[in-house]
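Because only heavy atoms are used, hydrogens play no part in the values below, and waters and symmetry mates are left out as well, while side chains stay in. Order of the sequence lines fixes the chain letters, A, B, ..., with proteins taken first and strands second; residue numbering starts at 1 for each chain.
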Amino acid sequence: MSTPLGNMSWLDPVRFKSAASRRFIEFCRQDLAAADPRPDKEALQLYREAALLVLERLETLSNRRDRS
Amino acid sequence: MIITDLLAEDFRKYEYLHLEALPERGVLALVGGNESGKSSIGDAIAFALFGHSLTLGAEDSGKLVRWGSQAASVTLSFRQRGRHYRLARRVDPGSTQSVSLWSVDESRTLADTQPEVARVLKTILGYDYPAFVRAFYWSQQVSTDSKADTESLRAMAGVRGYLLLEQQLQQEHQQEAGALEQVQAEMQALRQNRDTLALDRDLLPVLLDIRETLEDRQRGSNSLLRSIDLSVRSYPEGHARFHALLRRLKWLSHLASVGIGAFLLLFVAGMLLSWLPGMFTGLGLEPETLVRLGRMLLWCGMVAALMASGLLFWGWHAEQKRLPPLRDQSLRFSASLANAVRQLGSSIAEALGEPTEHYLVRRNVLMPQAQAATLDEQVRERLRQFDGLPERVRLFEADPAAVGPQVQALKDDLEHHNTALDGFVRVLDQDVAHEQALVEQYQGLNQGLTDKETEAGRHDHAMRVQDKALELVRRASEHSAARFNSIVHKRCQTLLADFTQAHYDSLEINTDFALRVLSREKGDFLDFEEISAGTQRQIALAMRVALANALAESTDAGQQFLFLDEPFAFFDPERTSATLQSLKEMTSGRVCQIWVTAQTVPEGMAGAYLIDCEGEHSEIAIIDESGEKKT
């Protein structure tokens, strides 16, 4: 999944099962597409790490809620 | 999905419950007091569909079995997009379940294992359990917290998870900042400790150089001692052989000179007699006799010449083969002695270089230069006794008896010199060991500092990621809130006004993610927390119904049932009646079968279906809108 912003496979919604994660992925896609100026490599790496952190936590919250 | 038939056996309080010919459109009111079994009907629906109730997970589903029974079973018949299905699920007290999904139209089993049923059911319905409880099943029992409605609405808006996450990330950010501060303090302490060492980084290499110089000097001195020792032992024998050889060569030289003289005399006499015999007529011998005599003398001269040549060759041979080793021996001895005298006569600075001398003076193991000069002069004075000794030894002119004591004195001085070098090396070793320990300590502190810098870098990076994550969460929340506000504005205003008897027109989430409602009377937004609990519940209910509608539309599920467990618990009669009226009107849309539980028959039930749960037996009756009971 190559885009002008590089490989975006880390934003593949299939990898995440909660609705909150999918909504966040949709937000990230729109946010990155609208980014002006286009983020450089370092900024994109930071964005990716931060987004994955959020997704991981959203999945954890979702699992915890499902269990309870 | 519309429920057409519900059959429950030995489920919770029900020994036998059969709700059949259920209306596909309308409000179904389940009425009864506490413990009458109203909520158990909702549990039976959830259990049949997903294997667990709202309060009991699948692992505890055995608790749904009626007391004293072997197993509970629920058979749910439903219609979805015009097709009819029957779902039968059974559980024993040990929570072991069996389930099968049957297609009534095709008269065949679609799935008969729990994972397969869950998979096929999701395909048929378009949603799973989490979506079901968020959109189509609402229970007052799990919403007793005063903040529950606020949280429920935030969850609907999709910002609840973000808010929880924001708090979590802020907490983690603070922890990370604390950890970074601690690491920085540790780094500062390490730097101070390192600076306290005051390590001179150039000193150790200098000390190692000095030690190498001293050790070289020691090795050279020891080698010189060994060489002198060997040479002095072999000197007397070499001296004797050298002089014996010289005497022999002298004697051979004399003999050769005599032979050559004899040869010359005999040669001249022989020639004269042979060639000029007339000169010797006076001797009274015949000329022939004189010629013979002359020839004989010539032969004798030849013999003398041969003998002289042999002696000369012998002498040459002896000089070439036997003298050089002796000369080499004397030369080595002479060189060792000259070297020893030079070593002893030179100052430390001359011998080891100025850095070594300065270091030794600084360490108080060597006298300052002025004092050392006096001492050096004394040493030189003492060494004058050895003047000319190396040259005399080289020529084997020194008397072996005199050489021994002189060389012994020189060796003693050299050993004394070596002992001094040993002392220097010991002092130096201590300094090297001390400096090495300092360097190791310095390197250890540096390594610790590097590790801490790496750790600080990790914390710093984690904080930057958390900062960015917080920014993303914040913006994603704002995005979700804006979308929620837009949906509410477009699609829920009418419903909200209907549920609140036109007191409130709209709901929105502001930039601080606080819920606000638009009051028609005041013409302004009020904080959701400020309004009464009943109104909060009305608004939450309106939003839940709107969400159910939205989900039913988005999943293209066709018609859909909605189960509301005690939604009127905090409502006054007027509000209950208004809400019921709104619900009845709603049933003309996608969400057309609405199940509602209540303690008593609420006002405004005309036109709704009433299911009385207060019967003595588990069987219930259905009462139609005209008030007649249908069994």
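Between chain A and the options B:Leu169, B:Leu472, B:Val133, B:Leu164, heavy-atom pairs under 4.5 Å are most frequent for B:Leu472. Comparing B:Gln168, B:His479, B:Arg475 by heavy-atom pairs within less than 4.5 Å of chain A, the highest count is held by B:Arg475.
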side-chain contact (heavy atoms from CB on, under 4.5 Å) between B:Glu172 and A:Arg57, worked out
CA-CA 12 Å; B:Glu172 286 175 14; A:Arg57 298 302 167 82; 2.5 Å; yes

The test is side-chain contact (heavy atoms from CB on, under 4.5 Å); show your working for B:Lys468 and A:Glu49 and say whether it passes.
CA-CA 9 Å; B:Lys468 186 70 184 173; A:Glu49 285 184 49; over 6 Å; no

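Across all their heavy atoms, B:Ala469 and A:Leu53 have their closest contact at CB-CD2, 4.0 Å.
Between the CD atom in B:Glu471 and the CG atom in A:Asp31 there is a gap of 8.0 Å [rounded to 0.5 Å].
Environment of CD in B:Gln170: crowded, with over 12 heavy atoms of neighbouring residues, nucleotides or ligands closer than 6.0 Å.
A:Leu46 touches chain B through backbone and side chain together, each having a heavy atom under 4.5 Å away. In this structure, no portion of A:Glu26 lies under 4.5 Å from any heavy atom of chain B.
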